[in-house]
Amino acid sequence: MDEADTHLIGSRCKRCGTYFFPGNVTFCRNPSCDSDEFDAVPLSREGTIWSYTDAQYKPPEPYVAADPFEPYAIAAVELAKERMIILGQLAKGVTVDDVTTGMQVELQLQTLFTKDGQDYVSWVWQPKR
Amino acid sequence: MDEADTHLIGSRCKRCGTYFFPGNVTFCRNPSCDSDEFDAVPLSREGTIWSYTDAQYKPPEPYVAADPFEPYAIAAVELAKERMIILGQLAKGVTVDDVTTGMQVELQLQTLFTKDGQDYVSWVWQPKR
Amino acid sequence: MSRDVVILGAGMHPWGKWGKNFVEYGVHAARAALKDAGVSWQDIEFVAGGATMRNGYPGYVAGATFSQALGWQGNEIMTCYAACATGSQALAAARAKIQAGQCEVALVVGADTTPKGFLAPQKGERPDDPDWVRFRLGITNPTYFSLYAQRRKDLYGATDEDFATIKVKNAEHGFSNEFARYRKKFTVEEVLASPMVASPLRLFEICATSDGGAAVVVASKEYADRLGSQRQVKIGGISTVSPKFASADVEMPDIATDSAAASNAYSFRASIAQKAYEEAGVGPEEVSLAEVYDLSSAMELDWYEYIGLCPQGDAEKLLRDGDTRIGGRVPVNASGGLACFGEAVPAQALAQVCELTMQLRGEAGDRQVSDAKVGVTGNQGLFGHGSSVVLLR
Amino acid sequence: MSRDVVILGAGMHPWGKWGKNFVEYGVHAARAALKDAGVSWQDIEFVAGGATMRNGYPGYVAGATFSQALGWQGNEIMTCYAACATGSQALAAARAKIQAGQCEVALVVGADTTPKGFLAPQKGERPDDPDWVRFRLGITNPTYFSLYAQRRKDLYGATDEDFATIKVKNAEHGFSNEFARYRKKFTVEEVLASPMVASPLRLFEICATSDGGAAVVVASKEYADRLGSQRQVKIGGISTVSPKFASADVEMPDIATDSAAASNAYSFRASIAQKAYEEAGVGPEEVSLAEVYDLSSAMELDWYEYIGLCPQGDAEKLLRDGDTRIGGRVPVNASGGLACFGEAVPAQALAQVCELTMQLRGEAGDRQVSDAKVGVTGNQGLFGHGSSVVLLR
Ligand SMILES: [Zn+2]
Ligand SMILES: [Zn+2]
């Protein structure tokens, strides 16, 4: 993740062009490619909602939940260029009633939780206005 | 283990008479017997050394070693009636030079280690005089 | 080409939360299967055990552990693990062993003891482990179930009532099943009144984890005939295929699908049963009944399509027409499914096979599907595992 | 009865302590085996992976993990675990799959990453777990090795020099093996000067644990012939038998043997190779070379007898006569054995098969055994697992 540009960093196979996220791959997983060289690349910061849901109960550790627990919404978002779906929370305040399948969203950074004085930041999806 | 009589307690299948040590079995392991009922029985307190060795290096946990570490000897002892071999340390002070294969030994109780003020007692084999 | 392999006997330990060691469930199921088959333990030449990863070393070597508990007798052993497909993989190993001519009769066993509550990942920070990462992001198993459920609502017009109807149907099916853990009937209203877990799925629509054990005795047809068995069920086909890259399914525990930027996209789940049908030489239109993985109520609808009972998008119609109820055209989860069992990972795929065996023999009692001739199972789990078994009367 | 199955290719990742993920070793070995076989990954129809229990979920489902790393392509998958016999069990699964006519060509892979130092049991008080109990009593792996070594001294007149001679022999054998971890020659004096670990065995006589990976490509003979392969090695037999009750062997991690009070006593270890010989239709007198589990130097002597190279009690004579050196009548551990490799559990039984494959092809370089026609492996591990593979040129 890159704080300034707010895009996810994946990796891309130098030989066949397949994207990977998370980017920490050792071997290209395309069966017709045996490359093990990758470039770190930014992934599209906009996509289309493939589906969505929420979490009404507190998940177990290692999730660090707000106290009291606040439900949050989750979306699976399809990136056009990469032809892949990436999961993530929807931005704080967005509920399942605010989104639909096919809606356009863009990436934002959000502090998921603070622990020992440190902010843990992750990507979230924000519906486009 | 029984402190007074100094014998190991195993279990014995009520149907076929097979012995088990440790005695905590659920099913009889004799393939021609499908019993699941056992009696707790004392095992022979004398046997014959099948083989022996020692430990010259400190084993990993959960072994609780004396500090500094004291090597100890170990014997595999054949019980005639039960037709089984049981492993255990040789009594404190007995070394591999003091025993041979075929020697008669008998059971003793010995404090293996003390932890949090509690004595952990186990069986050891003592050569018969 | 190869000789026929049949199921000679099936046995189970009832599902539940009994708090016993998994070995007890496995041995109970194995003895029941042996008795049902009329085969003595000492005649078994090969044991394939499904591993459990929650029970220490004895679980890693379940094939050996069950063999020792039944009594070492020199049979060959194997232990398999394939998440939810474990039981089918063990069954496939036993079938291959028999078809290869290396043995005539084999025992397949799976059993598990599960902890209470949420299935959480192991402790410790493991940013390289996708299972850890998704929990860190707040993505639990129900998240995946609900993403598929919501997509059905938006694309195919599924309703919350449809999802609840599946729970009601399966609860009705499993009500008289002595091996099921939950035997209680529900109304659609009761299901819809249960707390929302992950929209649109509710508490009563999400599968629990259970203890349980299942076993089958399999043999060459020649062996079964020599034994005079009149209750043989033939194994038509078994599929334990892996996905094809790029796999387009959103799968636990991944936070992203494969990228199809340089490859074609494939649906893994839709490919699983296809291979089993091909091996069996039957098509989905010939299926009398199916046991599929209703990890959630809504997921059963996806499975109607994955196993070819209807085209994509038509599952709701199949359900609403009552086709998948007992008495309907092609009953699904006559056992009660995961809704009534709860999942016991290494036993579950075998439990599906046990149910089909009872049904194809006409021994399923109150939940008997009439004139059952062809049965199919479907299941799918973590890390590219899935399986399907086709059984024939 | 069944059709022949051959080894088309073998590949390994060098043993060592490389600190990498086990998947890297497995993929390296798999690609080497595919290249050696002249088979493309996409042609592989079945992958049998040996599980590793030390590497989290990816290790439990190694067959899937290796398949994903090589690229999902819809092949069938299986993951096996059988302690030290894991590799042979996976090989047996692939052979059965081919003999059953379900596929023509398969890949078998095992790989492991091991922690440094002693192999200790998992944390926590587990008085029901025999592996925990024996450590609590101070009974470690070398204890078992040394009980057998001492018994050989007392019963058959083995000497400390005999034990050291085996280490010297195997170090000499493995000196030129590019896959071995330890490539250093020793003298008997040097071995005898190493610290005593568990009388009568010394530090240089006890096997270490290593990282490593091994893989083989197996195929039907028809497939290999169509491919035009001139370097086929036939799988004559594979044994993955379990013990017979009452098992009279003192086995890790047990603190007692089975009681033979109501049964006959059997030696498990002596029974393992017998089945592989029977399948292969050859006897020990036809063996050209063997790879056996020298977990300790002394244990190699036991294996001479277990695999039938000599009657019980004659192993010392075989060694002293130089019969088991390269150049002798029946070289044992021409690879260097565990003495030079250290054990990488799910890869080790496959590494034995890889060595025999190279030897039977005449491609073993400086350590080539002349006129090698019949090879046998032997290994044995925890919880009733053992295996033996017979390969034929
Ligand atoms: Zn690539
Ligand atoms: Zn008994």
Side-chain angles (χ1 to χ4, degrees), chain C residues 1-2 21 46-47 51 53 56-58 60-65 67-68 71-83 85 89 92-93 95-102 121-122 126 128-131 239-247 253 258 266 268 271 275 279 382-385, chain D residues 1-2 21 46-47 51 53 56-58 60-65 67-68 71-83 85 89 92-93 95-102 121-122 126 128-131 239-247 253 258 266 268 271 275 279 382-385:
Chain C
M1 173 163 82
S2 292
N21 190 294
F46 179 69
V47 171
M53 297 304 166
Y57 214 100
Y60 302 159
V61 295
T65 300
S67 293
Q68 183 183 41
W72 293 129
Q73 47 94 347
N75 54 283
E76 289 200 286
I77 45 179
M78 167 169 291
T79 302
C80 300
Y81 190 70
Q89 213 182 64
R95 180 182 64 148
K97 191 92 180 161
I98 293 168
Q99 286 189 322
Q102 285 162 16
Q122 289 175 292
R126 296 194 311 288
D128 281 349
D129 176 348
D131 203 37
S239 167
T240 59
V241 294
S242 63
K244 279 190 192 177
F245 192 90
S247 175
D258 290 342
Y266 295 95
F268 173 43
S271 73
K275 166 142 196 307
E279 273 191 18
L382 285 76
F383 292 99
H385 289 108
Chain D
M1 174 162 82
S2 291
N21 190 294
F46 178 69
V47 171
M53 297 303 165
Y57 215 99
Y60 301 159
V61 294
T65 300
S67 293
Q68 184 183 40
W72 292 130
Q73 47 94 344
N75 53 283
E76 289 201 284
I77 46 178
M78 168 169 292
T79 302
C80 300
Y81 190 70
Q89 213 182 65
R95 181 182 64 149
K97 191 91 179 163
I98 294 168
Q99 286 188 322
Q102 286 162 16
Q122 290 174 293
R126 296 194 312 288
D128 280 349
D129 176 347
D131 202 36
S239 166
T240 58
V241 293
S242 63
K244 280 191 192 176
F245 193 89
S247 175
D258 290 342
Y266 295 95
F268 173 43
S271 74
K275 167 144 194 307
E279 274 190 18
L382 284 77
F383 291 99
H385 290 107

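First the proteins, then the strands, lettered A, B, ... as listed; each starts at 1.
Between chain D and the options C/Pro243, C/Ala83, C/Cys80, the largest number of non-hydrogen pairs under 4.5 Å is found for C/Pro243. Among the candidates C/Gln89, C/Gln73, C/Gln68, C/Gln99, the residue making the largest number of heavy-atom pairs closer than 4.5 Å to chain D is C/Gln89.
Both the backbone and the side chain of C/Thr79 have a heavy atom closer than 4.5 Å to some heavy atom of chain D. For D/Ala51, no part lies near chain C; criterion is any non-hydrogen pair under 4.5 Å. The contact between D/Asp258 and chain C is made entirely by side chain atoms (from C-beta outward), counting heavy-atom distances below 4.5 Å.
Between the side chain of C/Ser242 and the main chain of D/Trp72, no donor-acceptor pair closer than 3.5 Å is present.
The side chain to side chain contact (heavy atoms under 4.5 Å, CB included) test applied to D/Ala96 returns C/Ala96, C/Ala100, C/Gln102, not counting sequence neighbours. Residues satisfying the side chain to side chain contact (heavy atoms under 4.5 Å, CB included) criterion with D/Glu76, sequence neighbours excluded, are C/Thr240, C/Val241, C/Lys275, D/Phe46, D/Lys97.
Note: C/Tyr60 and D/Tyr81 have perpendicular aromatic rings, judged against thresholds of 30 and 60 degrees for the angle between ring planes.
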